[in-house]
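For reference, the structure is listed below as structure tokens.
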Protein chains: 2
Amino acid sequence: MRVGELSRRSGVSVASIKYYLREGLLPPGERTGPNQAAYDDGHVRRLRMVRALIDVGGLSVAATRGVLAAVDDPEVPLHEALGRAQATTTPRHAEDADPDDEARAGAEQALADLVADRGWAVSPANPAWSTAVGVIATYTRLGDDDLARQLGLYAEAMEGVARREVAAVVERGDRARTVEGAVVGTVLGDTLLAALRRLAQEHCSVQLLGGRAGADTGD
Amino acid sequence: MRVGELSRRSGVSVASIKYYLREGLLPPGERTGPNQAAYDDGHVRRLRMVRALIDVGGLSVAATRGVLAAVDDPEVPLHEALGRAQATTTPRHAEDADPDDEARAGAEQALADLVADRGWAVSPANPAWSTAVGVIATYTRLGDDDLARQLGLYAEAMEGVARREVAAVVERGDRARTVEGAVVGTVLGDTLLAALRRLAQEHCSVQLLGGRAGADTGD
DNA sequence: GCTTATCGGACAGTACAGCTATCCATAACT
DNA sequence: AGTTATGGATAGCTGTACTGTCCGATAAGC
């Protein structure tokens, strides 16, 4: 198939397909002549994945490229591919380490304690680590310590989720599909969890505060 | 205090403060002359909150303005303010309802079943509803049904989190602080939960797959 | 009282992301 | 043979989030 059909089948405009080709999100088609190329179902799949990561997962084009690179490279062992995919999907909050930042130091300690309590084997080099530290620090800086007190609860909930997710990922055969599924699951899972949290909040809020559900029309 | 000091105390440049004033994220200072105004600690707090929502929570300036509008309006009852804050912080995935979209219809059903199973009292008008439907539909469209099978787990985890969060919010006095805390908790909580999920995944992945932690340096 | 820094306000300009449009020589359908 | 589509390159567009510059007015230091 050529771009026209690829576009029709994927719902992505030809112009955007060309853009994704340029940006390396979509591998070039197989050449059938000096200026002619053919695409296959793999391209349709890939295109759908790109749109899912960008539109639903909210990744940037650059982050998407990073994720796909990890998915594609068969050299990389599974657990590392997952880690790398994770790393590229975790937005980096630079923060640039203000040396005497009390809030951040406290947050770092709080997270270290939490991890120790739960017996987690994690490395502070994981970008998620500094993201978490940043959030905790921000929260305490805003003068609210609720979130800090709920940290254990959050960690427990996420451990339960992660355990089942990792187990589900591991018990599969095909590496390519495994990595792909894990990546999509990680990225889309964030969005899904956030949405379910809001629905659960609405439910609990109705229960406790009475009245109608909170989120009528918004804006 | 005037802009210069406000800038120093908040770490936000004067130019950005002026921008936030123009965009209505920061209320104008109290006028002390035809072209002179004074700011107070409330402005410092507000500015910190703006940066937290934008930098850490990843909200756009427009979304931030919506959130703050809900926080500020004392007419709105608490549970509705929370809902509206929620609505504005839930990114709208337009989707524009393709009429015969099988995946979406199935996803809608799956979510309805889930909500019924758990006995949640939620309205499909909640923007989080259509976000969740969109994610589930995308997942099935990508040909993977793991996430769909994990839906119940996700919902359970989020219900546990939400129950404690709502309880924590309700038991406070001051309305303004309550709403503010809830908003910040909702927005920053998303980021924190995502980060903790990744850390938990790393831990579980190390346990199950052996080898080093997955997220060494990334990209 | 005079100088110099700072202020608020308005508006133009910048940087980047993510497309979108146009052009052109070739190739494919009809 | 003529219309339409293709690959490839490059220019342009739209939106977001600032940043820089200019202005006349004011405040602060001497």
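All chains are named by letter (A, B, ...) in the order of the sequence lines, taking the proteins before the strands, and each is independently numbered beginning at 1. Because only heavy atoms are used, hydrogens play no part in the values below, and waters and symmetry mates are left out as well, while side chains stay in. Quick caveat: nothing in here was measured; it's all calculated off a predicted structure.
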Side-chain N,O (A:Ser16) to OP1/OP2 (C:dT20) below 4.0 Å: yes

Between the protein and nucleotides 15-17 of chain D, which nitrogen or oxygen pairs come in under 3.5 angstrom?
residue : atom : partner : partner atom : Å
D:dA17  : OP1  : B:Val61 : N            : 3.3
D:dA17  : OP2  : B:Val61 : N            : 3.4

For B:Arg164, all residues meeting side chain to side chain donor-acceptor pair (under 3.5 Å), sequence neighbours excluded: none

Value in whole Å for how far the C1' atom of D:dG12 lies from CZ of A:Arg22: 12 Å

Listed partners of B:Glu30 passing side chain to side chain donor-acceptor pair (under 3.5 Å), at least two apart: none

Ion pair A:Asp101/A:Arg141, N-O distance below 4.0 Å: yes

Distance in Å, B:Ile136 CD1 paired with A:Leu196 CG, rounded so as to fall on 0.5 Å steps: 7.0 Å

For atom CG of A:Leu53 and atom C1' of C:dG18, their distance in whole Å: 16 Å

Rounded distance in Å - CD1 (A:Ile54) to P (C:dG18): 7 Å

Determine all donor-acceptor pairs shorter than 3.5 Å in which one atom belongs to a side chain in residues 18-26 of chain A; sequence neighbours excluded.
residue : atom : partner : partner atom : Å
A:Tyr20 : OH   : A:Arg51 : NH1          : 3.3
A:Glu23 : OE1  : A:Arg65 : NH1          : 3.2

Charged N-O contact under 4.0 Å between A:Arg48 and A:Asp55: no

N-O pairing of B:Asp190 and A:Arg198 below 4.0 Å: yes

Base-contact (B) and sugar-phosphate-only (S) positions in nucleotides 3-9 of chain C, heavy-atom cut-off under 4.0 Å, - elsewhere: ----SBB

Side-chain N,O (A:Ser13) to OP1/OP2 (C:dC19) below 4.0 Å: no

Salt bridge flag under 4.0 Å for residues A:Arg46 and A:Asp72: yes

Sub-4.5 Å side-chain heavy-atom contact between A:Arg2 and A:Gln36: yes

Relative orientation of the end axes in the helix from C:dG1-D:dC30 to C:dT30-D:dA1, expressed as an angle to the nearest 10° (five pairs per end): 10°

Heavy-atom side-chain contact between A:Val50 and A:Val61 under 4.5 Å: no

Between C:dA17 (P) and A:Leu25 (CG): distance, integer Å: 13 Å

Side-chain H-bond candidate by donor/acceptor type, A:Glu165 with B:Gln150, under 3.5 Å: no

Value in whole Å for how far the C1' atom of D:dT19 lies from CD of B:Glu23: 14 Å

